[in-house]
Amino acid sequence: MKNLKEEVIKFAKKLNTTNLSPLRSGNISVRAKVNNFNGFLVTPSGKKYETLKTDEIVFVSLNGEYDNNGQIPSSEWRFHQDIYLNKESAKAIVHAHSPYATAVAAFGKAIPAFHYMVAIAGGDNIRCSKYATFGTKDLSKNIIKALEKRKACLMSNHGQVAFGDNLDEAFELAEEIENICHQYIITLRVGKPRILSSQEMKNVLIKIKNYKKE
């Protein structure tokens, strides 16, 4: 358990050092089991990541219950809970207010297949969930809808969220999404990009499964 908490802290700090999410923004979680209860370990609310300690990482059950000597989990714990409940393949989650993803998400629109790497999120576009107030069940529902057949999405007027088999994978995917958003913004400055066909994206999605093996 201590090792998992240290992993959460490691990647929470990495949010800051990589500029993926500044100060207290964004959050990190990983699946865990405590006293036979399935749930997840998540970063606490309102804490600067550079000072995080293992006893401040909060365990939240999949039923949404937590008790960590008064330590409150991230205000976004509900969508972490619902992702774990709805996505069996999700073992770790990274949520970031990364600059370029947040800028694109302010328009509330999906990123089309201007580049084949949008497939890294799992489909032929990168969806953007509808806006809802942070920390609410409505936001959670909107994210789950945007993540249908996806491993990452933008969050309207908010940021991005990505999940993976472990924190390394989830964090790398969040970095990929940020890079794609940066490229998309640059592309739009030039003009209207050519969008890859549905058939080509089907081909890409087949190949992308082996992307990390090449």
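Bear in mind the structure is a predicted one, so any value in this text is a computation, not a measurement.
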Could you tell me if the side chain of Asn36 sits less than 4.5 Å from the side chain of Lys33, heavy atoms only?
yes
Minimum side-chain heavy-atom gap Ile120-Leu173 below 4.5 Å:
yes
If every non-hydrogen atom of Ala105 is compared with every non-hydrogen atom of Met155, which pair is closest and at what distance?
CB-O, 3.2 Å
Does a side-chain heavy-atom distance below 4.5 Å link Leu154 with Ile177?
yes
Between Glu76 (side chain only) and Gly135 (backbone N and O only), is there a donor and an acceptor less than 3.5 Å apart?
yes
Can you list everything that forms a salt bridge (charged side-chain N to carboxylate O under 4.0 Å, His left out) with Lys137? Sequence neighbours excluded, please.
Asp82
Checking Arg127 side chain against Ala110 main chain: does a donor-acceptor pair fall under 3.5 Å?
no
Please say whether more than 12 non-hydrogen atoms of neighbouring residues, nucleotides or ligands are located less than 6.0 Å from OH in Tyr100.
no
Shortest non-hydrogen contact from Cys153 to Ile126?
CA-CG2, 4.3 Å
Residues two or more places apart in sequence or in another chain: which of them pass side-chain hydrogen bond (donor to acceptor under 3.5 Å, both in side chains) with Glu178?
Ser98
What's the spacing between Lys14 NZ and Ile9 CD1 if we round to 0.5 Å?
15.5 Å
Looking at Lys130, is its backbone amide N or carbonyl O close enough to the side chain of Asn142 to form a donor-acceptor pair, meaning the two atoms are under 3.5 Å apart?
yes
Ala96 backbone acceptor or donor facing Gln160 side chain under 3.5 Å:
no
Go through the structure and list residues passing side-chain contact (heavy atoms from CB on, under 4.5 Å) with Ala92, not counting sequence neighbours.
Val30, Leu167, Ala170
With Thr43, which of Asn27, Val58, Leu15 fulfils side-chain contact (heavy atoms from CB on, under 4.5 Å)?
Asn27
For residues Tyr131 and Ile143: do they belong to one hydrophobic cluster (side chain heavy atoms under 4.5 Å, members Ile, Leu, Val, Met, Phe, Trp, Tyr)?
no
Set of residues satisfying side-chain contact (heavy atoms from CB on, under 4.5 Å) with respect to Phe107, sequence neighbours excluded
none
Pairwise ring-ring contact (aromatic ring centres under 6.0 Å, His included) hits with a residue in residues 19-48, at least two apart:
Phe40-Tyr84
Does any non-hydrogen side-chain atom of Cys181 lie less than 4.5 Å from one of Ile111?
yes
Non-hydrogen atoms of Pro73 and Ser45 that approach each other most closely
O-CB, 3.4 Å
Only counting residues at least two apart or in another chain, list the ones meeting ring pair (Phe, Tyr, Trp, His ring centres under 6.0 Å) with His80.
none
Residues two or more places apart in sequence or in another chain: which of them pass side-chain hydrogen bond (donor to acceptor under 3.5 Å, both in side chains) with Lys47?
Glu56
Tell me every residue that passes side-chain contact (heavy atoms from CB on, under 4.5 Å) with Asp168, counting only those two or more places apart in sequence or in another chain.
Phe11, Asn166
In terms of heavy-atom contacts, Cys128 and Ser156 come closest through SG-N, 3.4 Å
Kindly give the heavy-atom pair with the smallest separation between Thr136 and Arg78, and that separation in Å.
C-CD, 4.4 Å
One should read off an interatomic distance between Thr54 OG1 and Leu4 CG, to the nearest 0.5 angstrom, of 12.0 Å
Do Ser21 and His97 come within less than 4.5 Å of each other through their side chains, counting heavy atoms only?
yes
Is there a side-chain contact between Phe134 and Ser75 in this structure, where contact means two heavy atoms from C-beta onward sitting under 4.5 Å apart?
yes
Donor-acceptor pairs under 3.5 angstrom involving side-chain atoms of residues 183-198: please list them, not counting sequence neighbours.
residue : atom : partner : partner atom : Å
Thr187  : OG1  : Gln183  : O            : 2.8
Ser197  : OG   : Glu200  : N            : 3.1

Are side-chain heavy atoms of Asp55 and Lys5 found at a separation under 4.5 Å?
no
May I ask you to test the Ile208-Met117 pair for a side-chain heavy-atom distance under 4.5 Å?
yes
Residues which pass side-chain contact (heavy atoms from CB on, under 4.5 Å) with Lys87, listed by chain and number, not counting sequence neighbours:
Ile83, Ala90, Leu147, Phe163
Has the side chain of Lys91 got a donor or acceptor atom that lies under 3.5 Å from a matching backbone atom of Glu88?
yes
Within this structure, what is the CD-CZ distance for the pair Glu7 and Phe171, rounded to the nearest 0.5 Å?
12.0 Å
My understanding is that only residues two or more places apart in sequence, or in another chain, count here; which of them pass side-chain hydrogen bond (donor to acceptor under 3.5 Å, both in side chains) with Gln199?
Asn203
Taking side-chain hydrogen bond (donor to acceptor under 3.5 Å, both in side chains) as the test, write out the residues that go with Asn125, two or more places apart.
Arg150
Out of curiosity, Leu139 CG to Thr133 OG1, how far, rounded to the nearest 0.5 Å?
8.5 Å
